[in-house]
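Working notes, beginning with the structure itself.
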Protein chains: 2
Amino acid sequence: MVEETGFSLDTLRYYERIGLLEPVERNAVGQRRFSDHDLGWLGMVRCLRDTGMPIAEMLRFAKLVRNGEHTIPERITLLESHDRDVEAQIAQLREKQDAIKRKIHHYRDVVALSGTPVSCQAAEAGSR
Amino acid sequence: MVEETGFSLDTLRYYERIGLLEPVERNAVGQRRFSDHDLGWLGMVRCLRDTGMPIAEMLRFAKLVRNGEHTIPERITLLESHDRDVEAQIAQLREKQDAIKRKIHHYRDVVALSGTPVSCQAAEAGSR
DNA sequence: ATTTCACCTGGAGTGCACTCCAGGTCAAGC
DNA sequence: GCTTGACCTGGAGTGCACTCCAGGTGAAAT
């Protein structure tokens, strides 16, 4: 029920244990109640995690957040650096994706050639 | 010296062990000599790996390649599916990157506001 | 009253993709 | 003639980010 944070319960406990999430409030029977504040932070964590930031760096960021507003310039620096990483990741994915697309086209050509009746000098082209 | 494949020696040995690379030719003293064929395949492996394909699926692909030309339609299917995965990855990265950029802008605003002399009703806005 | 359910705890285990280690071989350089 | 360096082997170890487990609690449903 309280996994509408988008993370599994185990993951949330893990994050709390390692300090990526500060101790979460509990209700009368000791169950975690995530505040809007927690949910907001988890949204940030999700962004960072899904863009490949390692937990160690998220912890650095978390520490800055805990240390108050005067760390904002540092947080900006950290996020800007990460943003550049993400940009590089995207560029790299695009590049490799292009190569994959080229391979697909190559395969299509091979199939097209070997599929032609018996004409041309094809049929054996594009092999090993 | 033979790591101009772009992979570490250990990684190459690992790939050979698990069958992602078929047994590599050796020179007189038993050292690996990567053929152009190997290098071409490793280039493909690099593309797939760097776009997040798990090794298990690369093994599936490797098997298709080994089984000859009649598996080309299947290879196309596999690569097309992976291409769609990559597209989705990029879209997701872009989406999260936007959120990160928004966060950066938000922080910039906070800094700008708290930095203004003493005017406006600012200075305390956007905290938490 | 008891089964079900959603949570709790500390700690152990998992899966992935490497990466390292100890001990060994050969060729080349000083 | 010995060290250096690049490679070899099988097998063990690593780091990351979870994920699972056994045993337990309290509220809710049958």
Side-chain angles (χ1 to χ4, degrees), chain A residues 1-35 38-39 41-63 78 81-82 85-86 89 92-93 96 100, chain B residues 1-35 38-39 41-63 78 81-82 85-86 89 92-93 96 100:
Chain A
M1 252 176 190
V2 196
E3 278 161 29
E4 280 47 1
T5 57
F7 291 98
S8 81
L9 190 48
D10 270 318
T11 299
L12 290 167
R13 285 203 272 253
Y14 168 67
Y15 284 170
E16 195 177 344
R17 250 189 284 194
I18 64 172
L20 185 54
L21 203 52
E22 30 201 320
V24 176
E25 304 247 323
R26 307 309 180 94
N27 64 11
V29 291
Q31 295 175 201
R32 288 171 184 78
R33 287 293 111 186
F34 294 92
S35 66
D38 292 327
L39 295 179
W41 171 245
L42 283 171
M44 190 71 212
V45 166
R46 166 154 296 279
C47 274
L48 298 177
R49 186 193 78 163
D50 288 356
T51 48
M53 183 182 284
I55 281 182
E57 194 164 354
M58 289 198 273
L59 284 174
R60 284 215 309 121
F61 185 68
K63 203 170 154 194
L78 191 152
S81 155
H82 182 59
D85 288 352
V86 175
Q89 266 186 75
Q92 141 111 323
L93 280 176
K96 308 285 164 150
I100 291 166
Chain B
M1 252 176 186
V2 197
E3 278 161 32
E4 282 45 0
T5 57
F7 292 97
S8 82
L9 190 48
D10 269 319
T11 299
L12 291 167
R13 285 203 273 255
Y14 168 66
Y15 284 172
E16 197 178 341
R17 249 189 286 192
I18 63 172
L20 185 53
L21 204 52
E22 31 202 321
V24 176
E25 304 247 323
R26 307 310 180 92
N27 65 10
V29 291
Q31 294 175 201
R32 287 170 184 79
R33 285 294 112 184
F34 294 92
S35 66
D38 291 329
L39 295 178
W41 171 245
L42 283 170
M44 189 73 212
V45 166
R46 168 154 295 283
C47 274
L48 298 177
R49 187 193 79 164
D50 289 357
T51 49
M53 184 183 283
I55 281 184
E57 195 163 353
M58 290 198 272
L59 284 174
R60 284 215 310 124
F61 185 68
K63 204 170 154 196
L78 190 152
S81 155
H82 183 59
D85 287 353
V86 175
Q89 266 186 74
Q92 141 112 322
L93 280 175
K96 308 285 163 147
I100 291 166

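Values reported hereafter were calculated over all heavy atoms of this structure, with side chains retained and with hydrogens, waters and symmetry mates removed. Each chain gets a letter, A, B and so on, in the order the sequences are listed, and its residues count up from 1.
Rounded to whole angstrom, the span from the CD atom of A:Q31 across to the C1' atom of C:dC5 amounts to 10 Å. Spacing between atom CG of B:L59 and atom C1' of C:dC18 amounts to 14 Å, rounded to whole angstrom units. Atom CG in B:L9 sits roughly 17 Å away from atom P in D:dG5 (whole-Å rounding). One atom, CZ of B:R46, and another, C1' of C:dC18, lie 13 Å apart when rounded to the nearest Å. Between A:I18 atom CD1 and D:dT19 atom P the separation is 13 Å, expressed in whole Å. Note: CZ (A:R26) to C1' (D:dA27) measures 18 Å, nearest angstrom. Straight-line distance from the CE atom of A:M53 to the P atom of D:dC18: 14 Å, rounded to whole Å. The distance between atom CG of A:N27 and atom C1' of C:dA6, rounded to the nearest whole Å, is 11 Å.
Residues B:R33 and B:R26 form no side-chain contact, since every pair of their non-hydrogen atoms from C-beta on lies 4.5 Å or further apart. Between A:M44 and A:F61 the shortest side-chain heavy-atom distance falls below 4.5 Å. At a threshold of 4.5 Å between non-hydrogen side-chain atoms, the residues A:D85 and A:M53 do not count as touching. Using a 4.5 Å heavy-atom cutoff, the side chains of A:Q89 and B:Q89 are not in contact.
Under 4.0 angstrom from either OP1 or OP2 of C:dC18 there lies no side-chain N or O belonging to B:S8. An OP1 or OP2 oxygen of C:dC7 is reached within less than 4.0 angstrom by no side-chain nitrogen or oxygen of A:R32. Dashed line: the shortest gap from a side-chain N or O of A:Y15 to OP1 or OP2 of D:dA17 is not under 4.0 Å.
Within the 3.5 Å criterion, the main-chain N or O of A:C47 finds no donor-acceptor partner in the side chain of A:R49.
In terms of position on DNA chain C, the residue among B:A56 and B:V29 whose nearest nucleotide sits closer to the 5' end is B:A56. Of the two residues contacting DNA chain D, namely B:R17 and B:R13, the nearest-nucleotide position lying further toward the 5' end is that of B:R13.
Evaluation of atom-type donor-acceptor distances gives a pair under 3.5 Å for the side chain of A:D10 against the base of D:dC20.
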